[in-house]
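Only heavy atoms go into these numbers, but all of them, side chains included; no hydrogens, no water, no symmetry mates.
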Amino acid sequence: MSHLPTKHYPFREFEPRWQKQWLHSAAFHALNPGERGFDPQKKKRYILDMFPYPSGDGLHVGHLVGYTATDILARYYRLCGENVLHPMGWDAFGLPAEQYAIKTGEHPRVTTEKNIARFRKQLQSLGFSYDWEREINTTDPSYFRWTQWIFLQLYHAWYNPQTEKVEPISTYQGEDVDSLRLAYIAHTPVNWCPALGTVLANEEVIEGKSEVGGFAVERRPMRQWMLRITALAQRLLHDLEKVHWPESIKQLQRHWIGRSEGAEVIFTLRNHPEKTIVVYTTRVDTLYGATYLVLAPEHPLLDEIELSSTTREALTAYQKSCNAKSDLERTDLAKTKTGVPLELQCINPINGEALPIWVADYVLMGYGTGALMAVPAHDERDYQFAQQFHLPIRPVIQTALNSSLPFSGVDGEIINSPLINGLTPPEASKKIIHWLQEHGHGRKSIQYKLRDWLFSRQRYWGEPFPILWENGKHRSLDESELPLEPPTMEDFRPTGNAEPPLAKAKEWVHYSEKVTRELNTMPQWAGSCWYYLRYCDPHNSSSFLGKEVESYWRNVDLYVGGTEHAVLHLLYARFWHKALFDLGYLTTEEPFQRLVNQGMILGSDGQKMSKSRGNVINPDEVIQEYGADALRMFEMFMGPLEHSKPWSMRGVEGIYRFLGRIWRLVLVEQGKGEFSIHSKIVDQSLTESQTRLLHATIKKVTQDIESLSFNTAISELMIFVNALIPLSHCPLECIHVLLRLLSPFAPHLAEELWSYLCNAFPVVKSLGTLASNSSWPTWSEDQLLLKEVTYVIQINGKIKARLNLSAHACEADVQQAALDHPSLQPYLTKGNIQKMIFVPGRLLNILLMP
RNA sequence: GCCGAUGUGGCGAAAUGGCAGACGCAAGGGACUUAAAAUCCCUUUCUGCGAAAGCGGAGUGUGGGUUCGAGUCCCACCAUCGGCACCA
């Protein structure tokens, strides 16, 4: 398959040479305020890639789509004279490294270092213009010191519902401080994955299986660290309005946050008026239609109430069977509903009716109040359940079309409901809520699907919590004791039970005689929640981010990465950012102003690239055969950035040929491997049409880069080059403009050819000794004006002729020219002209009536 | 089921409501060469008439609509991909 094509240009020699030069001269270092040479007049621009997890497989061609796009932008804005922050780093804690380490026995620190070295080398071999002085690594103590520090800020903070802000815990006046912290301990059922030996966040469980490895996940109650992300649910939802993100991603986050407006209704037990059941409903207008209540199997009331021994037995058995079910089984929609009756009744406050109480696992403890009023006539699930257990179904909404039950819409009229008969459902809801509030039977309520973030893992390869335990109580480690490094351990495998592996480091565990350390570690997301902040000030040892630096770089202008992080990383990072904002450490409310998702690169078979399919493309091999410039440029030429598109090695070859044509346009070979400037390149003025083409090219390429339409920018460069090649005398200006336009896409080739031009033409040298450090060419609209334009002449909307007319021709001129045109006469004599539609510079449409 | 994205030649794709298919790949033909590679030139949506230059018709997932004019705007539907899914 693989053949070595004839070398069109000596990229194997010059690409590494320029990479070395850029690296050693720190050519792309962005200056911070206070640094020598910092120019406050320059516009700042922060262009960020989602940093990679340095896996053992090395870089993937899919990574490069986003990285190349941001590199083009970074290089472009630098040429435009902006101060561009374009950093790279490593998201190196996490499960895969640890799983690999367990498999091979090699310590994760060693494999991580190896993988990072490989990734760094690969990225450098693509000529990306990262500021390597800002490289960060989430597993570096000088980095995770501040991850732990931020955790402590959350631990020492609470959400004040009065001010609607995150505040230091010291502003809280009440007793139970620990129950309010943003980082808190909870004993709740969690997603336990026996195969991985750890718990997982809801977001890391896909269809009942672990996202990493695809292992079965079960529910079990455990003591865990949680982050109170739900406190900020409303702001996380609302502030999506403020960012320039793809609508689909915003929509995903909105769904994930899942705000719903409704009411809580209080039902009292019939024979125990002191006991109540609070239900949450979004359809309080159907309150008269409630025919029974349902509690989640985990509902706390179930442990408090007295039941007959047979009912208690049935309940216990049912609870057990629910517990044993995996999440997958429990959320399987196809299955028939299950439940047990409690032989208890409660009173509907609106009409005093006694309703039976059931327990069923279609009610989730984690949402709302863990209890619902069932209105089978107007809810799909309640209807199913009622049918199955022969419970009464009472319609309370009359629809115009007499729709069949269950009817869950809101177009209709309330019936069978004394207080609200004749109202529309929305009107009825308002009235009922008012009534409930007035009589103390309930209130308006807003619920979110979003749950608090399960933040601890029973693994070794993560940030240890800066938390100590004494007599069953937790307290924080002093900030001066950070970083808290994990112990050096030979055996870091999961213990096989719920105890974290750090428990095996007996010495490390004991902080003092009576005080032990927290044994859990943070999840992989911790480090990536704030890395974009650290890039701004990566070497600061007294703060996670200096004030002056923060007020300069502020937040990310453009963030490019895959859709897979839509609800995990992107939501978590926004949460931390907002908390840090409230606590006064940041001056922006959102971390990422603009977000773009690059599409996937599929195998040449159109399938997702995977080892098992054998359609994976290794970028190293592509670079070896065609060079970095060809690889970069092909990935951009394939199609729109956001689209998924299949790989084509022939396509790379096409780009490679194009770059070769540019090489031969500028240089001729004098003997083997010796090149000199082509004699046809002359410093002469441009013809009118050349000027127009030059300016049109500059305009199109500039605008396409700014709108991230790299594929059409490259097409335009091709059109330009195709026009230059046949010229017997090629004006120098065309060439030096071409190279500058090319330099963000194919930086090595542009740099190499630029150096030849510099030696031969002082004019070029005066523009900059490096293409990457010259300036972006500008265009003038005046130069784009045509003397003559082609008018399309249509008759009844069909094109019948094309006329070349002066650009100054007015409507009457064009009409006259069309009516006089000989080839149109046969048509014109066939009917009367009704109307003529004129589009200046473009077309004339003559409407004829026969 | 709900939400979102996409649908244009053999393929990747391009088109502020105004010449559909730019640019590239693949394919075919030619030049150069002893030959090949590389390079350069030409053809290439489908289709009817024509020896040819040329002349005509259809065409952007399907069906409607708005408009002088629709790939582009509106409505309905179909297909593919991605996400969510007993959230009361």
Trainee: Hey, does A:K798 reach any base, or is it just sugar-phosphate, or nothing, if we go heavy atoms under 4.0 Å?
Mentor: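 The answer is sugar-phosphate, as A:K798 gets under 4.0 Å only of primed atoms, P, OP1 or OP2.
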Trainee: Give me the distances for all protein-to-nucleotides 8-16 of chain B N/O pairs that come in under 3.5 Å?
Mentor:
from: B:G12; atom 1: O2'; to: A:M638; atom 2: O; distance (Å): 2.4
from: B:A14; atom 1: OP1; to: A:N711; atom 2: ND2; distance (Å): 2.9
from: B:U16; atom 1: O4; to: A:R842; atom 2: NE; distance (Å): 3.4

Trainee: With sequence neighbours excluded, what pairs up with A:S707 under the side chain to side chain donor-acceptor pair (under 3.5 Å) test?
Mentor: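 Testing A:S707 for side chain to side chain donor-acceptor pair (under 3.5 Å), a comparison that skips the adjacent residues, returns A:S709.
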Trainee: Please report the closest heavy-atom contact between A:L405 and A:P395, naming both atoms and the distance.
Mentor: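 Closest approach of A:L405 to A:P395: CD1-CG, 4.1 Å.
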Trainee: Counting Watson-Crick and G-U wobble pairs whose two distances are both under 3.5 Å, find the runs of 3 or more in a row that involve RNA chain B.
Mentor: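 Only these stems qualify: B:1-7 with B:78-84, B:10-12 with B:23-25, B:27-31 with B:39-43, B:45-49 with B:54-58, B:61-65 with B:73-77.
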Trainee: Among pairs that include at least one residue of residues 248-257 of chain A, which meet salt bridge (Lys or Arg N to Asp or Glu O under 4.0 Å), considering only residues two or more places apart or in two chains?
Mentor: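 For residues 248-257 of chain A, and leaving out neighbouring residues, the salt bridge (Lys or Arg N to Asp or Glu O under 4.0 Å) pairs sorted by first residue read A:E241-A:R254, A:E247-A:R254.
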Trainee: Could you work out which one of B:C19, B:G83, B:C86 sits closest to the side chain of A:K337?
Mentor: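 Minimum distance to the A:K337 side chain belongs to B:C86.
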Trainee: Among B:C84, B:A38, B:C3, find the nucleotide with the atom closest to the side chain of A:W256.
Mentor: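 Looking only at side-chain atoms, A:W256 lies closest to B:C84.
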Trainee: If you look only at pairs with a residue in residues 704-725 of chain A, which of them pass as a ring pair (Phe, Tyr, Trp, His ring centres under 6.0 Å), with sequence neighbours excluded?
Mentor: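 Sorted pair list comes back empty.
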Trainee: Can you tell which of A:F634, A:F11, A:Y656, A:F658 makes a ring-ring contact (aromatic ring centres under 6.0 Å, His included) with A:Y626?
Mentor: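 Passing option: A:Y656.
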Trainee: Say whether, by atom type as modelled, one donor and one acceptor occur between the side chain of A:T291 and the main chain of A:P392 under 3.5 angstrom.
Mentor: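 Yes, the answer is positive, given that a donor and an acceptor are paired below the 3.5 Å cut-off.
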Trainee: For the residue pair A:R574 and A:W245, would you count it as a cation-pi contact if the rule is NZ or CZ under 6.0 angstrom from the ring centre and within 45 degrees of the ring axis?
Mentor: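 So A:R574 does make the cation-pi contact.
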Trainee: With syn defined as a glycosidic angle within 90° of 0 and anti as everything else, classify B:G10.
Mentor: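 That one's anti.
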Trainee: Between the protein and nucleotides 40-50 of chain B, list every N/O to N/O distance that falls short of 3.5 Å.
Mentor:
none

Trainee: State whether A:H255 places a side-chain N or O below 4.0 Å from either non-bridging phosphate oxygen (OP1 or OP2) of B:G4.
Mentor: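 For B:G4, OP1/OP2 do not have a side-chain N/O of A:H255 under 4.0 Å.
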Trainee: Check the orientation of A:F389 and A:F385. Use parallel for under 30°, tilted for 30 to 60°, and perpendicular for over 60°.
Mentor: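 A:F389 vs A:F385 ring planes: tilted.
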Trainee: Tell me whether the side-chain N/O atoms of A:Y827 come closer than 4.0 Å to OP1 or OP2 in B:G56.
Mentor: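 The answer is yes; a side-chain N or O of A:Y827 sits under 4.0 Å from OP1 or OP2.
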Trainee: Under 4.0 Å, heavy atoms only, any strand: does A:N722 hit a base, just the sugar-phosphate, or nothing?
Mentor: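 Here A:N722 touches the backbone only, sparing every base.
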Trainee: Check side-chain contact (heavy atoms from CB on, under 4.5 Å) between A:L786 and all other residues, then give those that pass, not counting sequence neighbours.
Mentor: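 side-chain contact (heavy atoms from CB on, under 4.5 Å) check on A:L786 returns A:R692, A:V789.
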Trainee: Using residues 638-647 of chain A as the side-chain source, report each donor-acceptor pair under 3.5 Å to any protein atom, sequence neighbours left out, with the distance given to one decimal.
Mentor:
from: A:S644; atom 1: OG; to: A:M600; atom 2: N; distance (Å): 3.2
from: A:K645; atom 1: NZ; to: A:P640; atom 2: O; distance (Å): 2.6
from: A:K645; atom 1: NZ; to: A:H643; atom 2: O; distance (Å): 3.1

Trainee: Kindly point out which of B:G18, B:C86, B:G56 is positioned nearest to the side chain of A:L843?
Mentor: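 Nearest to the side-chain atoms of A:L843, counting from C-beta on, is B:G18.
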Trainee: Quick one: salt bridge (Lys or Arg N to Asp or Glu O under 4.0 Å) pairs with a partner in residues 279-296 of chain A, sequence neighbours left out?
Mentor: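 Counting only pairs at least two positions apart or across chains, the salt bridge (Lys or Arg N to Asp or Glu O under 4.0 Å) contacts touching residues 279-296 of chain A are A:R283-A:D285.
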Trainee: Considering residues at least two apart in sequence or located in another chain, which fulfil the side chain to side chain donor-acceptor pair (under 3.5 Å) criterion with A:R443?
Mentor: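 By the side chain to side chain donor-acceptor pair (under 3.5 Å) rule, A:R443 matches A:E264.
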Trainee: Would you say A:R802 reaches B:C19's phosphate, i.e. side-chain N/O to OP1/OP2 under 4.0 Å?
Mentor: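 False: A:R802 side-chain N/O out of range (4.0 Å or more) of B:C19 OP1/OP2.
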Trainee: Taking salt bridge (Lys or Arg N to Asp or Glu O under 4.0 Å) as the cut-off, I'd like each qualifying pair that reaches into residues 703-716 of chain A, sequence neighbours left out, listed once.
Mentor: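 Pairs touching residues 703-716 of chain A that pass the test: A:K700-A:D704.
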Trainee: If you check every side-chain atom of A:Q251, which of B:G4, B:C25, B:G24 has the closest atom?
Mentor: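 Closest of the options to the side chain of A:Q251: B:G4.
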Trainee: Once each nucleotide of nucleotides 64-69 of chain B is scored for protein heavy atoms under 4.0 Å, what B/S/- sequence comes out, 5' to 3'?
Mentor: ----B-
Trainee: Taking only side-chain N and O atoms of A:K449, does any of them lie within less than 4.0 angstrom of OP1 or OP2 on B:C2?
Mentor: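 No, outside the criterion.
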